[in-house]
Amino acid sequence: MGEFSGFASVTRLIKFTHKYGAPKRFYLLAGRLVPWLAALTVILMLAGLYLGLYWAPPDYQQGDAYRIMFVHVPNAWMSMMAYMALAIFAAIGYIWNVRLADMLAKATAPLGASFTLTALVTGSLWGKPMWGTWWVWDARLTSELILFFLYVGYMALQASIDDPRRAAHASAILAIVGVVNIPIIHYSVYWWHTLHQPASLTLTNQPKIYMTMLVPLIVMSMAFMFFYLTMLLVRTRSEILVREQHTDWVRKLIKAGR
Amino acid sequence: MSGGLFYAMRAVFMRDLLVFWRRSTEVMTSLVFFVMVTTLFPLAVGPERHELMLIAPGVLWVAALLATTLSLNHLFASDYQDGSLEQLLMSPYPLSALVAAKIAAHWVLTGLPLALLSPLLAVQLALPTKAMGTLVLSLLLGTPILSLIGAVPAALTLGVRGGGVLVSLLVLPLYTPVLIFGAEAVAAAAGQGFASVAHLSLLGAFLALTLSFAPWASSAALRVSLD
Amino acid sequence: MSGGLFYAMRAVFMRDLLVFWRRSTEVMTSLVFFVMVTTLFPLAVGPERHELMLIAPGVLWVAALLATTLSLNHLFASDYQDGSLEQLLMSPYPLSALVAAKIAAHWVLTGLPLALLSPLLAVQLALPTKAMGTLVLSLLLGTPILSLIGAVPAALTLGVRGGGVLVSLLVLPLYTPVLIFGAEAVAAAAGQGFASVAHLSLLGAFLALTLSFAPWASSAALRVSLD
Amino acid sequence: MSPRGLFSVRALSCARGDKTLFAGLSFQLNAGEALHVRGPNGLGKTTLLRALCGLSRPIRGDIRWRGERVSDLAEEFTAEVAYVGHLNGIQGELTVLENLQTAARVFVRGKERMADVETALARVGLVASADRPARHLSQGQKRRLALARLLILRRPLWILDEPFTALDAASVEGLSSIIGEHMSAGGLALIVSHQAFDLPGIRDFELARFCKART
Amino acid sequence: MSPRGLFSVRALSCARGDKTLFAGLSFQLNAGEALHVRGPNGLGKTTLLRALCGLSRPIRGDIRWRGERVSDLAEEFTAEVAYVGHLNGIQGELTVLENLQTAARVFVRGKERMADVETALARVGLVASADRPARHLSQGQKRRLALARLLILRRPLWILDEPFTALDAASVEGLSSIIGEHMSAGGLALIVSHQAFDLPGIRDFELARFCKART
Ligand code: HEM
Ligand SMILES: Nc1ncnc2c1ncn2[C@@H]1O[C@H](COP(=O)(O)OP(=O)(O)OP(=O)(O)O)[C@@H](O)[C@H]1O
Ligand SMILES: Nc1ncnc2c1ncn2[C@@H]1O[C@H](COP(=O)(O)OP(=O)(O)OP(=O)(O)O)[C@@H](O)[C@H]1O
Ligand SMILES: [Mg+2]
Ligand SMILES: [Mg+2]
C-alpha cells in the first residue's frame with residue numbers, strides 16, 4: 001500500500017517533469033547547455049592529460065606504460081554507469097511512456113558501447129606489457145566483454161525495428177531484463193573458477209595507487225563524465241529533430257535556418 | 001475462475017505439445033543438433049582422451065545452450081506469422097500465464113529430452129562416470145532457465161526480419177551465468193575441483209528468479225511486438 | 001541473351017545484398033554469433049591458456065560453421081513466405097544461375113566478414129600468431145563451401161515447419177569434411193602437426209566440386225518444395 | 001447472457017510510423033447495432049480496428065465499454081471482443097476440429113462449450129474437412145475456419161477486418177446472415193470491407209471524414 | 001511484339017494430396033481472350049492455375065503454347081507468363097520502387113524497361129509511397145504493388161488468382177480496365193475471382209463441370 005502510493009507519487013512526479021521536459025523545451029534547454037558542458041569537458045580533458053602525462057612521475061616498475069590507466073579506468077567506470085543510466089531511462093520511457101526518456105536511452109547506448117570498447121582496447125593494450133598477452137579470461141575482463149555484448153544487442157534491436165515507439169519499448173524491455181541479469185553475470189564471473197585454482201591473472205594485485213596517480217585519474221574520470229553528458233545532450237537533440245520533423249516547431253526551426 | 005485459468009493454461013500447453021509433435025522433426029532436431037555439436041568437437045579438436053575430458057563439461061553445456069537457442073525461434077514465430085498470437089492476446093486470461101504455459105511446453109520438448117540424453121554423449125567425450133548424475137541434474141535445472149530467459153528475446157524479435165540470428169545475439173549474454181554455473185558444477189563433479197553442490201544451488205536460485213520475472217517480461221514483449 | 005542472364009544474376013545479387021543490408025542487423029548478427037560462441041567456450045572450459053590453445057582451431061571452426069548454419073535459414077525462407085521465390089521460378093533465366101547469385105550474396109554477407117574477423121578471436125583463444133594466416137585462408141576457402149552446401153537443405157526444408165533446426169540437422173553431416181580439413185589446417189599451422197598446405201589444397205578442391213553441383217542441386221530442391 | 005453492451009469511442013487518433021492517420025474520431029454503438037467502416041486502401045481502417053480491440057495503443061482518445069475505460073477493464077474487455085483480422089490465426093499443423101477445440105478451451109471462459117464447435121463447423125460448411133490438417137485447406141476454407149471462431153467465442157462485440165476475403169458467393173451470404181443473427185441477438189459488430197454485402201440495419205461509416213492528409 | 005499466342009489445354013487432371021480435384025479439363029484461349037474461372041471454395045482453382053503456369057505438375061493432360069508442349073518449352077514458356085497468386089511476392093525490406101525495379105531487371109529479358117516502372121506505379125496509384133518500405137504498405141496497397149508487376153513484365157499470358165482481394169472499389173475498376181487493355185492488345189488472361197467485376201468479352205468458365213466429387 002505504502003509502496004503503491006509511492007509509485008503513484010513517482011508517477012505524478014514523472015508526469016510533471018514530462019510536461020515540462022517536453023521534447024521542444026528540452027531541445028532548447030539542451031541547446032543552451034551544450035557549449036558550457038563541451039568547454040568543461042575540453043578543459044578537464046586537457047588538465048587530466050597534462051597531469052597524467054607530464055605531472056605524474058613514471059611508475060618505478062611499469063615505467064610509462066601505466067599512464068594508459070588514465071584512459072582505461074575512467075572508460076571502464078563509465079561503461080558501467082552508462083548502462084545504469086540506459087536502464088533507468090529505458091524503464092521510465094517504458095513504464096510511464098515518456099518519449100524523451102526513450103530518446104535519452106537510445107542516445108546513451110552507443111556512448112556506453114564506445115566506453116566499453118575503449119576500456120577493452122586500452123585494457124588489452126595495457127595487458128600486453130603487463131601480462132605479456134592481449135587477453136586473459138580474468139573475471140573483470142570477461143564481464144566487461146559481456147557488457148559490451150549487451151550493448152551491441154540493445155543497439156541491434158533498436159536498429160532492426162523502424163517504428164520508433166515500438167523500437168523504444170522493445171529495447172527497453174531488453175535493457176530492464178539485462179539489469180536484472182547484470183549483477184548475476186557479474187558475480188557468476190567473479191565466482192567463476194574461484195572454487196579451485198584462482199584465475200591465472202587478476203587485476204587486484206597492483207601497487208596501491210599514489211596521490212600522483214589518483215589526482216589525474218579523478219580529473220580524467222570527471223572529464224569522461226562530462227564528455228558523456230555533452231554527447232548525450234547532442235545526440236538526444238538530433239534524435240528529437242528526427243522524431244519531431246513533422247511538428248511545426250521543428251519546421252519553424254528549419255525555416256529559421258538553424 | 002482461476003480454475004478456468006488453469007484450464008486455459010493446460011489447453012495452451014497441450015496445444016503447443018501437439019503442434020510441435022505434428023512438426024515431427026521439431027522435437028528430434030533440436031536434440032540431434034545437440035548430438036552433432038558434441039560429436040563435431042572430437043572431430044575438430046582431435047581424439048586425445050585427456051584433452052577431451054578437460055573440455056567435456058564445457059562442450060556439453062555449450063551444445064545444450066546452442067541447441068536451445070536455435071529452437072527459440074519456434075517458440076512464438078510461427079504463431080506470430082499465422083496470426084494465432086494476436087488471437088492469444090485477445091484471450092480473457094492474463095497473458096503471462098498463457099505464455100508461461102507455452103514456455104513450459106517448449107522446455108518439455110527441447111530441454112528435457114536433451115538433459116535425459118546427455119549421459120550418452122558424455123561417454124563419447126570421456127566424462128568420468130561419477131559426474132553423470134551432476135550433468136543431468138545441472139541440465140534439468142539449467143535448461144528451464146534457458147527456455148524462460150530465451151522467451152524474452154524470442155518475443156522481442158517477432159516480425160523483426162532476420163530475427164532468427166538476432167535472438168541468439170540478444171540471448172547469449174544473458175545465458176552466461178547458467179553456462180558458467182552449469183559447466184562448473186559438472187567440472188567440479190568430474191573431480192577438477194570442490195563439491196558441485198554450491199553451483200547447483202546457485203542454478204536453483206537463478207531458476208526461481210527467472211520463473212518469477214521471465215513470463216511477465218516476455219508477455220510484455222509480446223504486447224510490444226504486436227503493437 | 002547471356003548478357004541478359006548476367007544482368008539478371010547481378011540484379012538478384014544486388015537485390016539480396018540490399019535486402020540483407022536493410023535488415024540492418026542481419027550482417028552483424030551472424031558475425032556477433034561467431035564472436036559469442038568463441039567467447040562461450042573459455043567461459044565453459046575455463047581460462048587456462050594452455051587448454052584453450054589446444055582447442056582453439058576446433059572452436060573457431062565449429063563456431064564459424066554454426067554461424068553459417070544459423071544464417072542459412074535466411075537464404076530462402078523469407079522469399080518463400082512472401083511469395084517472391086514463386087516469382088523467381090517464373091523468371092526467363094535458368095534458375096540455378098539466379099540461385100548461384102543468391103548464394104554469392106549470402107557468402108559475401110556472412111562468410112567473408114567472418115573470415116576477416118577471425119584473427120581477433122584467435123587472439124582471445126591464445127592461438128599462436130604464426131597460425132593466423134592459415135586460419136583466415138582456411139576460412140576464406142571453407143565458408144563459401146558452407147554457403148554452397150547449405151543452400152541445398154535450406155531449399156529442401158522450405159515450408160517444412162520447424163525447418164530452421166532441420167536445416168542444421170541435414171547440413172551438419174555434409175559440413176564434417178570441411179570442418180576436419182579446416183581445423184586440421186589451422187592446428188597444423190599452429191605447430192601441432194604436419195604442413196597445412198595439404199589440407200588447404202583439399203579444401204580448394206572441395207570448393208571447386210561444390211561450386212559445380214550445389215547451385216544446380218539447390219535449384220532442383222527449390223522446384224520440389226514449391227510444387 | 002444477452003449483452004446490453006454500449007461501445008463508445010471519443011476523440012480517437014492513431015498513427016503509423018510518424019504519420020497521424022486519423023484524429024478526433026468518435027462514434028457510439030448500441031446493442032444490436034453494426035458499423036460498416038469504409039474507405040480507400042491505406043486510409044487506416046485496419047489500424048483503427050486494432051486500436052479498438054486493444055492490440056495497438058492509440059495516440060489519444062478514450063474508448064469506453066459499458067461506460068468504463070477499456071484500458072481500465074483490461075482482460076474484462078478483451079473477454080467481450082472477438083477479432084478476425086487480415087490473418088486467419090489458424091494452426092496449420094492442427095486439424096480443423098482441433099483448431100476450434102483449442103479456441104474454445106483457451107478463449108471461452110468458465111465451463112467450455114464444446115457443443116458449439118460442432119454447430120460452428122456445420123455452419124461454415126467444414127464438417128467434411130473436420131479432420132484434415134488446416135494447412136491443407138484452400139484460401140477460402142481457411143477464412144471460413146477463422147470465422148467459425150466467432151460462433152464459438154460468443155462475444156458481444158465483433159470486430160472483423162475484410163471478413164469476406166476469398167469467400168465464394170454462398171459463403172458471403174452465409175456470413176452476412178450470421179452477422180445478422182448476432183445483431184438481432186443484441187450483439188455489436190464493426191466490419192471493414194471493400195466488398196459489397198447486404199446486411200439490414202448496418203450503418204455506413206466513412207473513415208475519410210476523420211483523415212486530413214491522404215496517403 | 002503483339003503476341004499471336006494460342007494457349008490450349010487438353011484432358012488436364014490435377015490432384016492435391018491423394019484426392020483428384022478435376023479431370024479431363026480442356027479449353028482453348030486465343031489472342032485477346034480471357035477466362036473467368038469460377039467455382040466454390042476448395043474446388044481446385046488455385047491448383048489449376050499453379051499447374052497451368054508450371055509451378056506444380058499435373059497428373060496428366062497436355063498444355064500447349066503456340067502449339068508446342070509447355071514442358072518442352074520450359075523457360076521459353078515461363079518467359080511468356082505472368083502469375084499473381086494468393087501471395088503478393090513483395091520484398092518488405094525494399095521500397096515500393098526498388099521492388100518493381102528488381103522485378104524489371106530479373107524478369108524482363110533483354111534490354112530493361114525502366115520507363116515502365118514509372119508508368120506502372122502511376123497506374124496503380126502508388127507514386128506517393130514509391131520510397132516507403134513495402135512492408136509498411138496496407139493490405140490493399142501491397143496487392144496493388146503485386147499487380148503493378150503485370151504492367152512491367154509485358155507478358156502475353158496473365159494468370160491471376162483472386163487479383164481483386166483487398167482492393168477498394170476504385171482499384172477494382174482500375175484493374176479491370178487494365179486487364180481490358182491487355183486483352184485488346186492481344187493478351188490472354190485467366191482470372192480466378194469470387195468477387196464480381198465487369199470486363200467486356202470475358203468468358204465464364206465453371207470449373208465444377210470437371211469435378212465429380214465436391215469437397
Ligand atoms: C582487456 C583488458 C581489460 C579490461 C576489459 C579491463 C576492465 C576493467 C574494468 C571493467 C574496470 C572497472 C572495475 C570496477 O570499477 O569495478 C577496470 C578497472 C581497472 N583496471 Fe582494467 N581491464 C583490463 C586490463 C587492465 C590491465 C592490463 C590493467 C593493469 C594491470 C588494468 C588495471 C585496472 C585498474 C588499476 C583499474 C582500477 C582499479 C579499480 O577500479 O578497482 N586493467 N578494468
Ligand atoms: N508499420 C507501419 N509503419 C508505417 N506506416 C504503416 C505501417 N503499417 C501501415 N502503415 C501505413 O498506415 C496506413 C494505414 O494502414 P492500414 O493497414 O490501416 O490501411 P487500411 O485502411 O487497412 O488499408 P486496406 O484497405 O488496404 O487494408 C497505410 O497508409 C500504411 O501505409
Ligand atoms: N497441400 C495440400 N494437400 C492436400 N490437399 C490440399 C492441399 N492444398 C489444398 N488442398 C485441397 O485441394 C483443394 C483445392 O484447393 P485450392 O486452393 O485449389 O482451392 P481453390 O479453388 O483455390 O479454393 P479457394 O477458392 O478457397 O481459393 C481444397 O479442397 C484443399 O483442401
Ligand atoms: Mg486493412
Ligand atoms: Mg484459391
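Everything quoted here is computed from the prediction, not taken from an experiment. Every chain is numbered from 1 and lettered A, B, ... according to where its sequence line falls, protein lines coming before strand lines.
Contacts between B:Phe13 and chain D at a heavy-atom distance below 4.5 Å are absent for every atom of the residue. Only the backbone of D:Ile90 comes within contact range of chain B, judged by heavy atoms closer than 4.5 Å. For chain D, no part of B:Leu85 is nearby; none of its heavy atoms comes within less than 4.5 Å. In this structure, chain B has no heavy atom under 4.5 Å from any part of D:Thr47. With a 4.5 angstrom heavy-atom cutoff, D:Arg50 touches chain B only via side-chain atoms.
The aromatic rings of D:His36 and D:Phe197 sit tilted relative to each other, their planes meeting at an angle between 30° and 60°. Taking the six-membered ring where tryptophan is involved, the planes of B:Phe181 and B:Phe206 are perpendicular, since the angle between them exceeds 60° and thus also 30°.
Evaluated for a side chain to side chain contact (heavy atoms under 4.5 Å, CB included) with B:Leu65, the options B:Leu60, B:Thr176, B:Leu172 yield exactly one hit, B:Leu172. Between D:Glu162 and the choices D:His194, D:His86, D:Gln195, D:Lys45, the side chain to side chain donor-acceptor pair (under 3.5 Å) rule is met once, by D:His194.
B:Ser138 has its side chain within reach of B:Leu200: a pair of non-hydrogen atoms, C-beta onward, lies under 4.5 Å apart.
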